[in-house]
Amino acid sequence: MGETKRMTVSQALVEFLAHQWTVDGDIRERTVPGMFGIFGHGNVAGIGQALKQFNVEQPDLMPYYQARNEQAMVHQAVGYARMHRRRGTYASAASVGPGAANMLTAAALATTNRLPALLLPSDTFATRVADPVLQQLEQPWDIGLTVNDAFRPLSKFFDRVQRPEQLYSIALAAMRVLTDPAETGAVTIALPEDVQAEALDVPVEFLQDREWHIRRPVPERGPLARAVAAIRGAKNPFIVAGGGVIYSAAEDQLRALVDATGIPVGTSQAGGGVLNWDHPQNLGGVGATGTLAANRLAAEADVIIGIGTRYSDFTTASRTAFQNPDVVFVNVNIASFDAYKHGSQLPLVADAREALSELAIELEGFEISREYTERIAREKAGWDAAVDAAFEASGRALPGQPEIIGAVQSKSAPQDVVVQAAGSLPGDLHKLWRVRDPLGYHVEYAFSCMGYEIAGGLGAKRGLLADGDDRDVIVMVGDGSYLMLNTELVTAVAEGIKLIVVLIQNHGYASIGHLSETVGSERFGTWYREYDGEARNFQGEKILPVDLAMNARSYGLDVIEIEPGASAIDDLKSAVAQAKASNKSTFIHINSDPLVYAPDGAGWWDVPVPAVSTLESTHRAREVYLTQQASQKPLVG
Ligand SMILES: Cc1ncc(C[n+]2csc(CCOP(=O)(O)OP(=O)(O)O)c2C)c(N)n1
Ligand SMILES: [Mg+2]
């Protein structure tokens, strides 16, 4: 046996993680540049001691960061990973039981978004000598089961270090999945608290620098030839670009292809930024929250070229977006699961950048017709005018969300990053936000998790700062999401990390309220109002005395409150400019009218309406639902 070092499992794991490097072409960076930890029993001694020891001996080895909630640790890791195009992410260490369980939501978010996050939940004793310990889940039918088993369905990799010697194989397998573009997501290593503190003789080889080269598989020749033949035979092809284009850093290759061929592009939420908003071929968002321009052309297209998209129901408008009866799908995706969606017979299982380069070569000389080009220009101009109109200040005391977005957009710099996740903002941003940078549009809409906004935004800012990039992160957040998880503002203050937060106060759920109305449930439970004891609901007039500006001020942020009135939009513009000029975090509070909507993009979202009901509103909604459902294409693939 070669040289060894006597250390605990935790010390070995931390030192191992510090020596992992992701390599992508010329870029080489730490795969795990730091670790979050909220300590309790389970990790205060094991991982906590290891971090302390390294903090004393080699402070740069594994920087430690605090968070206020375990869920928010993982959101930050995901925000960072997205800004680094999946090359790096943080580890998140939690104590046993509730600390670990708090990470479940965020694990699902990472996996759903195909973004890497390394989770280190502590487990109860492997020896079970002191069972049941504080916070241990006891299941009489399986005594070995712990809270951490709930990570299994949420993780792309899960294992538990039951014996110290297992660390090597588990750590290596975890890193492979974390850095594999087709498999990445939540990677969970459960660490029993006794094992964390046990010693072993670690081969020095395990602790040396190790490189993980991002795989970029090229398309196979046969599938490529078939895809090219289909595209060459197309009259009106249409590209659906997703997050895979950005993670693969394939924007230049996409632009080259559409410049040469004229094929128009619609983007998913994760694909926002693949082309500048004003590129003539960029029709903006496609699907349920898409633009009229993209949705009209997607509906008629004979060949859909999906690139790095999961084809979520929002992207496909619940399988109503592609109405050409003869439509075929060419799907470029590194994950075969996605490449075969829509029953595609033309899958290209490949890296987006490699596939786009090959397609550009093979499609040389192919161009869409003049007629189609003119149609694209017309539809785009029509939508651009609709956005201009939506951005115009209305002068009403309570501005609508579209004009608020317009004001924020007008004062943000082209490279600034807008962060959002849930509520009515993702849909409005998808339609309206004019993306001017590949990383400028950060809307988490795979899991659409309320509470991601501030934590994810902080992670995104960390990602920028790690590269010495000082552009602003602008978190736009609704009152509902804010109330669900806002405490990472304290973390931002503690580390002096600058965020700009625009809080849109509309006293409830504009999004689900509108949805509730369209499905016949009359906004039940979607307002934040004083409880009406007689009616036994929260539907009354009395809004709550909650003051979220004061809340943010209490955390130590600079706060700007926009007073309702004719000048609210101008005041908002000045506030954003002031926030940008500051080097501290600023919280901008604005009241908004939840009943003002963005222009219609003719997208549909399938949300089932009850088949029988005693309510007239539900009957009416059911009738509309059945008509819309009729255009849904049956599930194939
Ligand atoms: C954790 C979580 N719970 C529930 C939902 C369902 N949901 C989506 S949007 C929304 C309301 C969001 O309210 P707010 O942040 O105020 O935004 P608004 O709709 O007013 O724009 C809810 C409850 C969700 N997306 N995430
Ligand atoms: Mg709201």
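Every number for a ligand or one of its atoms is a count from 1 in the order of the listing. Index from 1, following the sequence. Note that this is a predicted model, so its numbers are computed, not measured.
- In terms of the side chain to side chain donor-acceptor pair (under 3.5 Å) criterion, residue partners of Thr618 (sequence neighbours excluded) are, by chain and number, Ser613.
- Shown here are the protein N/O/S atoms lying under 2.8 Å from the Mg ion (ligand 2), water excluded: Asp479 OD1, Asn506 OD1, Gly508 O.
- Checked by atom type, the side-chain pair Gln401/Asp428 shows a donor-acceptor distance below 3.5 Å.
- Enclosure of atom OH in Tyr531 by more than 12 non-hydrogen atoms of other residues, nucleotides or ligands within 6.0 angstrom is indicated.
- Ring planes of Trp605 and Phe314: tilted class, angle from 30 to 60°.
- Separation of atoms CG (Asn506) and CG (Asn591) is listed at 9.0 Å; rounding is to 0.5 Å.
- Looking at residues two or more places apart in sequence or on another chain, you find no side chain to side chain donor-acceptor pair (under 3.5 Å) involving Asn333.
- Contact of the Asp532 side chain with the Glu530 side chain is not registered, since no non-hydrogen atoms from C-beta on lie closer than 4.5 Å.
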Identify all pairs of nitrogen or oxygen atoms, one from ligand 1 and one from the protein, separated by less than 3.5 Å, and list them with distances.
| from | atom 1 | to | atom 2 | distance (Å) |
| --- | --- | --- | --- | --- |
| ligand 1 | 15 (O) | Gly480 | N | 3.3 |
| ligand 1 | 15 (O) | Ser481 | N | 2.8 |
| ligand 1 | 16 (O) | Asp479 | N | 3.3 |
| ligand 1 | 16 (O) | Asp479 | OD1 | 2.8 |
| ligand 1 | 16 (O) | Gly480 | N | 2.7 |
| ligand 1 | 16 (O) | Gly508 | O | 3.0 |
| ligand 1 | 19 (O) | Ser424 | N | 3.4 |
| ligand 1 | 19 (O) | Ala510 | N | 3.0 |
| ligand 1 | 19 (O) | Ser511 | N | 2.8 |
| ligand 1 | 19 (O) | Ser511 | OG | 2.6 |
| ligand 1 | 20 (O) | Asn506 | OD1 | 3.1 |
| ligand 1 | 20 (O) | Asn506 | ND2 | 3.0 |
| ligand 1 | 20 (O) | Gly508 | O | 2.9 |
| ligand 1 | 20 (O) | Ala510 | N | 2.9 |
| ligand 1 | 21 (O) | Ser424 | N | 3.0 |
| ligand 1 | 21 (O) | Ser424 | OG | 2.5 |
| ligand 1 | 25 (N) | Ser448 | O | 2.8 |
| ligand 1 | 26 (N) | Met450 | N | 3.3 |

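- Using cut-offs of 30° and 60° on the angle between ring planes, the pair His442 and Tyr452 is parallel.
- Between His589 and Phe587, the ring-plane angle classifies as tilted under the 30° and 60° cut-offs.
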